[in-house]
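One structure is given below, encoded as structure tokens.
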Amino acid sequence: MKVLQLHSNFIEYEAVEKEIEYAEEITNKKMRLEEVIVTLVAVEKNDNEKIADNVINEIKRSIDTIKCNRILLYPYAHLSQDLASPQQALSILKYMENILKNGLEVYRAPFGWTKAFSISVKGHPLAEHSINISKTKEYVSKALEEEEKLRSYWFILETDGRLVPLEEYKFKNKRLEILAKYEVVKKREVDQEPPHIKLMKKLAIADYEPASDVGNMRLYPNGRLIKSLIEQYVTRKVLEYGAIEVETPIMYNTKHPSLESYFNRFPARQYTISSEGRELFLRFAACFGQFLMAKDFTLSYKQLPLKLYELTRYSFRKEKSGELVGLRRLRAFTMPDCHALCRDMEQAKEEAIKRLRLSIDTINALGVSLDSVEVAIRFTRGFYEENKEFINRLINIIGKPALVEVWDKQFFYFVLKWEFNFVDNLDKASALSTDQIDVENGARYNITFVDEDGSKKNPIILHNSPSGAVERVIYALLEKAASDEKRGIAPMLPLWLSPTQVRIIPISENYIDKCMNIMNNIKSNNIRVDLDDRDETLNKKIRDAEKEWIPYIIVIGEQEINKGTLNVRKRREKNRREVKIEELIREIKDEIHNMPYMPLNMPELLSKRPQIMV
RNA sequence: GCCUCGGUAGCUCAGCCUGGUAGAGCGAAUGCCUUGUAAGCAUUAGGUCGCGGGAUCGAAGCCCGCCCGAGGCUCCA
């Protein structure tokens, strides 16, 4: 709604002729008012009573300052390019008139007439005031709306394939029980903040960015380094599995037919932006881009399964503002997204098994581990009846009981979905790795391959994120560290992810040169090493290094220089020992094995570093 | 969106109830100290107390309005 308020000495208008069919019937064609706030109003397409309420509040606010309580509502279409229908506009105008009458002297010029008018506007600074309030259009997918009506049946799937109704199951695993309650009852009362939020700030990994939208984080150098290493590892893993990496746009036209219907099958909220009259939305996964690309491929059954991969930086989901928590739940996040186009259900099932193994390997290597994750599998009853053996294979590989949700009919685009849920220190569950068997989008996006008999067919598509969102992996690692700390274990990140792996501390500035030599030696072995050259006491430097969770601390003084050894303090073992430099390098390289390496993401001298957090 | 809490120095926070010269610790700068495994000492700089209005001789504090942020609830990667 667009409104222009004019504090006037007088206005005179005359209704000349009906402009539209819906014009109001009127008695007084001429009108003159004095000492009045003329309020020109254009009602726009998406306006409703709630918006009208907001406008009324604005109007009242300015009236209070002007101290004039006579007001003329004057329909004035030319304020907007995006008008509501006449019926809608008139009903909202009448609504506003009624509300405003409560306490004000309100007149309304007739709607739907061509009018002649003269006006004399006062000259004071507050005499003219414009108001523009409009609904930010939010698309809510049908899937999201209908999900609420969805009827689910819950079970626990035993590793021998037995499906035990949830209410009959005796839980041996507390976390699985937590996940089950979490999913089924869908309610948890907790009033603490999750421990990873303080940690992500203290370790200078990530923080909120008030100048952005909520759920869009800033990543400090440590966070960028950690995230980059995880991204590299997952990407390498997926490429080794045989996927082809591509890159696709992050925004799409809402009017595209495939997207519009897909959108209505995916339960998520979107960011939308308009540009040159088009409505665009930001992707919530890499599906669209990859499918739109795949439909232009010429494919034979011989080339299937075809695996496409993209690391989406970013995927956007406009979660309700109150749902966003630290690194657990974001509006912009990075997600590896790997689709496999399969010839038929048989091939899809074979491929799904491979991808389950891939996902298990991936989270194990990342340091989250299958042990610290609870599995949920969801499928339609029909799929289960026909594929019991396949589901047995899944649970066999997983090797522990899983929560099962069964739907009577197919509600989403997939017939089966599994995910690994990390349960945190406050018993909150959130999904990491996932895979889905999609039987709709091949046709929806018109992706085709030529089968053995020469006919064109649509592939079955698998949607796998082997690690889940990268930010969420970091969240899981921090929550694990916090839980270690609670149990009296020194918290730390996996060695390959530690921003500094080795810190060298000279006893005094006299040894800095020698330390530089040692540092360069270690660095040449692809180990992240830095040097605390600040003018602080030894104790202070040790303390600071411990606060940063640095896995190896080396103190260098006269003794070490003379002996040619290193005095190493190892965080996890809380001990000190003397080793030769080659031994230390060997030990570290063995532990990192072949996980990715990136150099230090800060100056190697601490004295040259900006101080980021307390 | 709803509920709750919050916004004071670069950071963490005290002061607010009961109005009267704006505080501490950490960090920073400078100097002293030259260190043997989790905080050495001193000095200095640093604030539009989120914004606007009201009542008051006087507001960080009381009243009203607004803005911003966080956590929780529903959900997902």
Check the angle between the aromatic planes of A:Phe291 and A:His339 and answer parallel, tilted or perpendicular using the 30° and 60° thresholds. perpendicular
Would you mind classifying the nucleic acid contact of A:Val325 as base, sugar-phosphate or nothing, using non-hydrogen atoms under 4.0 angstrom? sugar-phosphate
Establish, yes or no, whether the cationic atom of A:Lys307 lies under 6.0 Å from the six-membered ring centre of A:Tyr241 and within 45° of the ring axis. yes
Contact class for A:Glu471 vs. all strands (heavy atom < 4.0 Å): base, sugar-phosphate, or nothing? nothing
Of the listed B:A77, B:G71, B:C76, the closest approach to the A:Ala469 side chain comes from B:A77
Measuring only the P atom in each nucleotide, how far is B:A29 from B:G46? A whole number of Å is fine. 16 Å
Picking from B:U37, B:A77, B:G36, the nucleotide nearest the side-chain atoms of A:Gln559 would be B:G36
Interatomic distance, A:Arg577 CZ vs B:U37 C1' [rounded to whole Å]: 15 Å
Under 4.0 Å between any heavy atoms, over every strand shown, what does A:Glu548 touch: base, sugar-phosphate, or nothing? Just pick one. nothing
When the C1' atoms of B:A39 and B:U56 are considered, how many whole Å apart are they? 47 Å
Over all strands shown, is A:Lys198 touching base, sugar-phosphate only, or nothing at heavy-atom distances under 4.0 angstrom? nothing
Name the residue closer to the 5' end of RNA chain B, choosing between A:Asn421 and A:Val214 according to the nucleotide with the nearest heavy atom. A:Val214
Taking the minimum atom-to-atom distance to the side chain of A:Glu546, which one of B:C76, B:U34, B:A38 wins? B:A38
Assign A:Glu558 to base, sugar-phosphate, or nothing according to its heavy-atom contacts below 4.0 angstrom with the strands shown. base
Please report, rounded to the nearest Å, how far the C1' atom of B:A38 is from the CD1 atom of A:Ile553. 9 Å
Within the structure shown, what part of the strands sits under 4.0 Å from A:Ala332 by heavy-atom distance: base, sugar-phosphate, or nothing? nothing
Do A:Asn567 side-chain and B:U37 base share a donor-acceptor contact under 3.5 Å? yes
Rounding to an integer number of angstrom, what distance separates B:C3 and B:G65 when you compare their P atoms? 15 Å
Aromatic ring pairing A:Trp407/A:Phe414, orientation class (parallel under 30°, perpendicular over 60°, tilted between): tilted
The Watson-Crick or G-U wobble partner of B:A14, with both key distances under 3.5 Å, is none
Calculate, to the nearest 0.5 Å, the distance between atoms OG and CD1 belonging to A:Ser498 and A:Ile550 respectively. 8.5 Å
Roughly how many Å apart are B:U4 and B:C66, using the P atom of each and rounding to a whole number? 15 Å
What does A:Ile505 touch in the nucleic acid at a heavy-atom separation under 4.0 angstrom: a base, only the sugar-phosphate, or nothing? nothing
Tell me the closest heavy-atom pair linking A:Thr312 and A:Ala285, and the distance in Å. CG2-C, 4.4 Å
From the candidates B:G36, B:A38, B:C76, the one with an atom nearest any side-chain atom of A:Lys547 is B:A38
Using purine N1 to pyrimidine N3 plus N6-O4 or O6-N4 for Watson-Crick, or N1-O2 and O6-N3 for G-U wobble, both under 3.5 Å, which nucleotide pairs with B:C33? none
Now, which nucleotide makes the Watson-Crick or G-U wobble pair with B:C75, with each of the two distances under 3.5 Å? none
Give the rounded distance in Å between these two atoms: CD1 of A:Ile474 and P of B:A77. 19 Å
Straight-line distance of A:Asp532 CG to A:Ile542 CD1, nearest 0.5 Å: 9.0 Å
Which nucleotide, B:A77, B:G36, B:A38, lies nearest any side-chain atom of A:Arg543? B:A38
Taking A:Arg283 for its side chain and A:Tyr314 for its backbone only, find out whether a donor-acceptor pair lies under 3.5 Å. yes
B:G1 base / A:Glu319 side chain donor-acceptor hit below 3.5 Å: no
Centroid-centroid under 6.0 Å between A:Phe288 and A:Phe281 rings: yes
So does A:Arg317 reach the base of B:C75 with its side chain, donor to acceptor, closer than 3.5 Å? no
Of the candidates B:A38, B:A39, B:U35, the side chain of A:Lys540 sits closest to B:A39
Using purine N1 to pyrimidine N3 plus N6-O4 or O6-N4 for Watson-Crick, or N1-O2 and O6-N3 for G-U wobble, each under 3.5 Å, what pairs with B:G65? B:C51
Figure out the CD/C1' separation between A:Glu560 and B:U35, and round it to whole Å. 14 Å
With no hydrogens and no angle check, just 3.5 Å: does a side-chain donor-acceptor pair link A:Ser152 and A:Glu405? yes
Between CG of A:Leu324 and P of B:A77 the distance, given in whole Å, is 15 Å
Choosing from B:A39, B:G36, B:U35, which nucleotide comes nearest the side chain of A:Ser508? B:U35
Out of B:C32, B:U37, B:A77, which nucleotide sits closest to the side chain of A:Asp535? B:C32
Roughly how many Å apart are B:G7 and B:G50, using the C1' atom of each and rounding to a whole number? 6 Å
Closest heavy-atom pair and its distance - A:Ala243, A:Tyr309: CB-CB, 3.8 Å
If pairing requires Watson-Crick or G-U wobble contacts with both distances under 3.5 Å, which nucleotide is the partner of B:C57? B:G20
Does a side-chain N or O from A:Thr537 land closer than 4.0 Å to OP1 or OP2 of B:G40, or not? yes
Please give the nucleotide sitting opposite B:A45 as a Watson-Crick or G-U wobble pair, both distances under 3.5 Å, or none. none
Using Watson-Crick geometry (N1-N3 plus N6-O4 or O6-N4) or G-U wobble (N1-O2, O6-N3), each under 3.5 Å, B:U4 is paired with B:A70
What's the CZ-P distance between A:Arg329 and B:A70, to the nearest Å? 15 Å
Please determine if a side-chain N or O atom of A:Arg569 lies less than 4.0 Å away from the OP1 or OP2 oxygen of B:A38. yes
Side-chain donor-acceptor contacts of residues 553-564 of chain A below 3.5 Å, not counting sequence neighbours, with atom names and distances?
residue  : atom : partner  : partner atom : Å
A:Glu560 : OE1  : A:Gly557 : N            : 2.8
A:Asn562 : ND2  : A:Glu558 : O            : 3.4
A:Lys563 : NZ   : A:Glu578 : OE1          : 3.1

Stepwise side chain to side chain donor-acceptor pair (under 3.5 Å) check, A:Glu479 with A:Asn425: CA-CA 7 Å; A:Glu479 287 287 328; A:Asn425 287 286; 2.7 Å; yes
Tell me: NZ of A:Lys201 to P of B:C26, nearest whole Å? 22 Å
In this structure, how many angstroms lie between the C1' atom of B:U35 and the CZ atom of A:Arg534, rounded? 14 Å
Does a distance-only test, which skips hydrogens and angles, find a donor-acceptor pair under 3.5 Å between the side chain of A:Tyr208 and the base of B:C68? no
Distance between the P atoms of B:U34 and B:C41, in whole angstroms? 16 Å
Kindly point out which of B:G40, B:U35, B:U34 is positioned nearest to the side chain of A:Asn510? B:U34
Strand-adjacent residues in residues 356-369 of chain A, judged by heavy atoms under 4.0 Å from RNA chain B: none
Taking the P atom of each, how far is B:C67 from B:A24, in whole Å? 35 Å
Heavy atoms from C-beta onward define the side chain here; which of B:G36, B:G71, B:A38 lies closest to that of A:Leu538? B:G36
